[in-house]
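Reviewing the structure listed below.
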Amino acid sequence: MARIAGSSGPRTEEAIRRAGLSLIATHGYAAMSLRQLAAEVGIQQGSLYNYFRNKQEFLFDLIRGHMLDLHAALDAALLSEGSAEARLTRFTEFHVAYHVARPQEVFICYSELRSLEPDNLAAVVAMRRDYERKLGEILDHGRATGEFHLADTRMATLAILAMLSGICTWYKPGGRLSTGGLQEIFTGMVLALARGETQTLARGETQALAPSEAVEPVAVPARRRGGLRAGVG
């Protein structure tokens, strides 16, 4: 959010962001009040307006800022050259690590899209589409070179993003899988999809997982169910 003259500085601004993320993730945007936000930070409600004009601008800035950071980090992580497989591997590893590290931001980017006013929603949707486009270009290149066997790269793009972003609904730090372990597992699944190997799996030409290898579902809090949708965040 743009800093306004007379504000008390970047520390307060960052504290407002952190408090807002936590309150919205816990209670939802509609239930969070500016009075509650100010109290959480330890400032007067009127001081909030040194940083944003209203509650809608605050939400938009949180989501837009997350998307800007996501794009910048992806551009820095992606290989500018190399095989499609290498670039898809890098994309998958990046997406998993970034989303595991920022669960609140990701959750809000999905669950509170409905709370954005039309112009703000259109801006965020355009940023999400641009992120999807970057993955789609990798898949298109891999299909053109023969590395990937995909009938519909757009469908594959959405399927991959839904699978990767879904991590945020069940992953818990400190569990049996580290971030590196998640990256390895999901990279294998994404590459199998891109190579067309999932068609073999669909025909049942593989051994079933032993009971000890199965992943036990993790219960999702009631507020989160239905809040996350396939896409980018």
Side-chain angles (χ1 to χ4, degrees), residues 63 66-68 70-100 102 105-107 109-114 116 118 121-171 182-209 214-215 217 220 224-233:
I63 296 178
H66 171 70
M67 292 302 301
L68 287 172
L70 177 68
H71 276 282
L74 175 63
D75 290 343
L78 273 184
L79 297 170
S80 58
E81 298 180 353
S83 67
E85 182 170 312
R87 299 189 78 230
L88 183 57
T89 296
R90 184 66 67 89
F91 179 94
T92 303
E93 290 174 346
F94 163 80
H95 191 95
V96 169
Y98 193 93
H99 283 60
V100 163
R102 295 164 177 80
E105 290 94 330
V106 173
F107 174 57
C109 277
Y110 286 114
S111 66
E112 297 300 349
L113 283 180
R114 63 192 174 187
L116 290 173
L121 176 60
V124 172
V125 168
M127 298 176 77
R128 289 162 63 94
R129 293 275 171 81
D130 192 43
Y131 189 87
E132 294 168 3
R133 178 187 57 78
K134 293 174 183 180
L135 172 58
E137 288 176 349
I138 295 173
L139 298 180
D140 284 335
H141 177 66
R143 186 168 69 171
T145 61
E147 294 175 72
F148 301 152
H149 301 281
L150 295 165
D152 189 324
T153 56
R154 175 61 179 164
M155 185 69 71
T157 296
L158 296 177
I160 289 170
L161 289 173
M163 177 172 64
L164 297 180
S165 299
I167 294 170
C168 297
T169 66
W170 55 263
Y171 179 72
L182 284 175
Q183 289 174 311
E184 182 178 358
I185 291 170
F186 277 94
T187 295
M189 290 192 289
V190 168
L191 290 177
L193 186 155
R195 294 171 184 148
E197 294 169 2
T198 52
Q199 296 176 13
T200 298
L201 295 177
R203 290 194 296 267
E205 297 173 18
T206 185
Q207 294 180 345
L209 287 175
V215 178
V220 179
R224 290 195 172 215
R225 289 198 295 268
L228 292 175
R229 298 192 299 275
V232 182

Pair Leu78-Ile138, side chain to side chain contact (heavy atoms under 4.5 Å, CB included): steps then yes or no: CA-CA 10 Å; Leu78 273 184; Ile138 295 173; 4.1 Å; yes
With a 4.5 Å cut-off on side-chain heavy atoms, are [Y] and [X] touching?
X      : Y      : result
Ile167 : Phe186 : yes
Glu93  : Thr187 : yes
Phe148 : Leu88  : yes
Ser165 : His95  : yes
Leu79  : Thr89  : no

Full working for side chain to side chain contact (heavy atoms under 4.5 Å, CB included) between Met155 and Leu150: CA-CA 9 Å; Met155 185 69 71; Leu150 295 165; over 6 Å; no
Candidate pair Arg195 and Glu147, rule salt bridge (Lys or Arg N to Asp or Glu O under 4.0 Å), full reasoning: CA-CA 7 Å; Arg195 294 171 184 148; Glu147 294 175 72; over 6 Å; no
Axial cation check for Phe91 ring with Arg87, 6.0 Å and 45° limits: no
Nearest-0.5 Å distance that lies between atom [atom1] in [X] and atom [atom2] in [Y]:
X      : Y      : atom1 : atom2 : value
Lys134 : Arg129 : NZ    : CZ    : 15.5 Å
Thr92  : Leu161 : OG1   : CG    : 9.5 Å
Thr157 : Leu139 : OG1   : CG    : 4.5 Å
Cys168 : Glu105 : SG    : CD    : 10.0 Å
Ser111 : Ile63  : OG    : CD1   : 7.5 Å

Which atom of Met163 lies closest to which atom of Val190, heavy atoms considered: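 Distance-wise, the nearest heavy atoms are CE-CG2, 3.5 Å.
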Least distance between heavy atoms, Ala84 atom then Gly142 atom: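 Nearest heavy atoms, Ala84 then Gly142: CB-CA, 3.4 Å.
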Atom CD of Glu137: over 12 foreign heavy atoms under 6.0 Å: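 Above 12, so yes.
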Residue pair Met127, His71: steps toward the side chain to side chain contact (heavy atoms under 4.5 Å, CB included) verdict: CA-CA 8 Å; Met127 298 176 77; His71 276 282; 4.2 Å; yes
Phe94-His99 aromatic ring centre distance below 6.0 Å: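 Centroid separation for Phe94 and His99: 6.0 Å or greater.
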Residues Glu132, Arg128: salt bridge by 4.0 Å N-O rule: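 Not counted as a salt bridge, because no side-chain N and carboxylate O are separated by less than 4.0 Å.
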